[in-house]
Novice: 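Sharing a structure below in structure tokens format, with a few things to ask.
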Amino acid sequence: MKKTIFPLLVCLMIAGIILSSLYYQQQIAGIAKDSTEPRSASTTASEKEEGIVDNIEVYSDGWLGSLLSSDPNKEHKVVFFGSHSLVSMEDDPGWPEITMDKTNDRLAPLTINHDVILIDNDTSTEDLDDHWIKQIVEKEPTIIIAESLTLNDNSSAITIQPQQSVDNLKTFFDQLTLELPSVEIILVPTNPIGEASFYPLQIDTLNENAQSLGVDYFDHWDAWPEDVQAREPFLKEGRPSKAGHELWAEAFLEFFIDS
């Protein structure tokens, strides 16, 4: 009896070893096949679509986020247009540079290029609908951020009346949209200054009529100190100081990218 059982056990053990070896080889072959087979097109497309949705969520904040999410594949370029209130008098970045640096940090890996067009001491009546529009159009912007030139109008040899300044801006923007039909325009008032009586009236008139200009309008004056003395560190010769540019940029970024 023992002589019969022992060979049988040996046979069963050998059979078990053979079956285990075959099973192991099948598992190894399956893993190798999975690792070398390309993903299906449907899986890749799904993952790509999820990536686009994620980008839209990242870029959906603020004024700019609404624009980007409406057409995520469109490339944009920003042109800032205005007086010396756009640039620092201390060789530091002006508020447009600060704005775009922080915007691109927020939108990375997306990058939006920008240019700054300065008009020196020109007023809202001087060739805005001819000379300067030509320069803007050559930059091919999709977004224009324009300063109201109110301080230039106030400081000219012949002070331009508040309503005339608004009418000049209306003519300017109407011509711009004819040349660049799909452009988006944001208007911002010139910076506050020190003690003044007529200048605040000009800004008030702009605020009251901004909706009639057919562009988006952002009033940053609430971010500046209301008290004239408290405002002094933020100004230099009537234009923003380094601190003023930083303040202006931070205020605008809250509107622009909800930062």
Side-chain angles (χ1 to χ4, degrees), residues 62-63 78 80-103 105-106 114 116-126 128 145-169 186-213 215-259:
W63 182 95
V78 177
F80 291 84
F81 174 82
S83 69
H84 281 287
S85 290
L86 302 186
V87 294
S88 174
M89 300 178 67
E90 303 169 338
D91 295 326
D92 294 301
W95 71 267
E97 280 74 25
I98 298 171
T99 293
M100 294 311 300
D101 284 347
K102 293 192 175 182
T103 295
D105 286 345
R106 177 75 175 272
H114 78 281
V116 178
I117 298 179
L118 296 178
I119 68 168
D120 294 326
N121 296 317
D122 285 2
T123 67
S124 64
T125 64
E126 295 174 290
L128 288 189
I145 302 172
E147 178 234 318
S148 64
L149 309 180
T150 310
L151 190 55
N152 279 20
D153 285 358
N154 178 276
S155 305
S156 65
I158 301 176
T159 300
I160 299 168
Q161 294 302 308
Q163 188 58 52
Q164 185 61 51
S165 292
V166 173
D167 293 342
N168 293 340
L169 289 173
I186 303 172
L187 173 65
V188 295
T190 312
N191 56 275
I193 58 175
E195 196 70 49
S197 56
F198 186 64
Y199 182 63
L201 296 178
Q202 292 175 289
I203 296 295
D204 287 343
T205 302
L206 176 64
N207 290 337
E208 293 165 3
N209 292 273
Q211 289 187 345
S212 69
L213 298 176
V215 301
D216 291 319
Y217 182 68
F218 174 68
D219 181 9
H220 55 92
W221 274 43
D222 287 343
W224 297 73
E226 186 174 354
D227 181 73
V228 173
Q229 290 186 339
R231 199 182 295 161
E232 288 181 357
F234 299 94
L235 298 170
K236 183 176 183 179
E237 299 177 15
R239 302 293 180 175
S241 64
K242 177 182 178 181
H245 280 287
E246 292 172 352
L247 180 152
W248 195 339
E250 290 301 322
F252 187 77
L253 284 164
E254 288 186 13
F255 160 79
F256 198 50
I257 57 173
D258 194 22
S259 176

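Everything quoted here is computed from the prediction, not taken from an experiment. For reference, positions follow the sequence shown, starting with 1.
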Novice: Can you name the closest pair of heavy atoms from D219 and Y217 and give their distance?
Specialist: CB-CE2, 3.9 Å

Novice: Does N191 use its side chain to pair, donor to acceptor, with the backbone of L86 at less than 3.5 Å?
Specialist: no

Novice: Is a side-chain N or O of S148 found less than 3.5 angstrom from the main chain of T190, in a donor-acceptor match?
Specialist: yes

Novice: Are the side chains of P93 and S88 in touch, meaning some heavy atoms are under 4.5 Å apart?
Specialist: no

Novice: Holding to side-chain contact (heavy atoms from CB on, under 4.5 Å), I want the full list of residues that pass it with N209, two or more places apart in sequence or in another chain.
Specialist: Q163, V166, T205, S212

Novice: Going by atom types only, do D216 and W63 share a side-chain donor-acceptor pair under 3.5 Å?
Specialist: yes

Novice: So, S241 side chain and P233 main chain: donor-acceptor pair closer than 3.5 Å or not?
Specialist: yes

Novice: Which distance, rounded to the nearest 0.5 Å, do you find between the OG of S83 and the CG of N121?
Specialist: 8.5 Å

Novice: May I ask you to decide if N152's main-chain N or O and D122's side chain share a donor-acceptor pair within less than 3.5 Å?
Specialist: no

Novice: To the nearest 0.5 angstrom, please state how far the CD1 atom of I160 sits from the CG atom of N168.
Specialist: 6.0 Å

Novice: Check whether any side-chain heavy atom of H84 sits under 4.5 Å from a side-chain heavy atom of M89, and report yes or no.
Specialist: no

Novice: Could you tell me if the side chain of W95 sits less than 4.5 Å from the side chain of I145, heavy atoms only?
Specialist: yes

Novice: Could you walk me through whether K236 and K242 pass side-chain contact (heavy atoms from CB on, under 4.5 Å), step by step?
Specialist: CA-CA 9 Å; K236 183 176 183 179; K242 177 182 178 181; over 6 Å; no

Novice: Work out which heavy atom in P225 is nearest to a heavy atom in A230; give both atom names and the distance.
Specialist: CG-O, 3.7 Å

Novice: Where is the tightest heavy-atom contact between R239 and S85, given as atom of each residue plus distance?
Specialist: NH1-OG, 2.7 Å

Novice: Just wondering, do P96 and F252 contact through their side chains at under 4.5 Å, heavy atoms?
Specialist: no

Novice: Less than 4.5 Å apart, side chain to side chain, heavy atoms only: is that true for L169 and V215?
Specialist: no

Novice: Step by step, would you call L149 with T123 a side-chain contact (heavy atoms from CB on, under 4.5 Å)?
Specialist: CA-CA 6 Å; L149 309 180; T123 67; over 6 Å; no

Novice: Can you check whether P192's main-chain N or O pairs, donor with acceptor, with R231's side chain at less than 3.5 Å?
Specialist: no

Novice: For Q202 and D153, which I'm curious about, is there any donor-acceptor pair between the side chains at under 3.5 Å?
Specialist: no

Novice: Distance check, rounded to the nearest 0.5 Å: D105 atom CG versus K102 atom NZ?
Specialist: 9.0 Å

Novice: Can you confirm whether D91 is buried at CG, in the sense that more than 12 heavy atoms of other residues, nucleotides or ligands lie under 6.0 Å from that atom?
Specialist: no

Novice: Would you call the rings of F218 and F255 parallel, tilted or perpendicular, where under 30° means parallel and over 60° means perpendicular?
Specialist: parallel

Novice: Walk me through whether W224 and L235 qualify under side-chain contact (heavy atoms from CB on, under 4.5 Å).
Specialist: CA-CA 10 Å; W224 297 73; L235 298 170; 4.0 Å; yes

Novice: Atom CD of Q161 and atom CG of L201: how far apart are they, to the nearest 0.5 Å?
Specialist: 10.0 Å

Novice: Going by side chain to side chain contact (heavy atoms under 4.5 Å, CB included), I193 matches just one of T150, I203, L151. Which one?
Specialist: L151

Novice: Would you call I186 and F256 a side-chain contact if the rule is heavy atoms closer than 4.5 Å?
Specialist: yes

Novice: Give me the ring orientation class for W248 and H245: parallel if the planes are under 30° apart, tilted from 30 to 60°, perpendicular past 60°.
Specialist: parallel

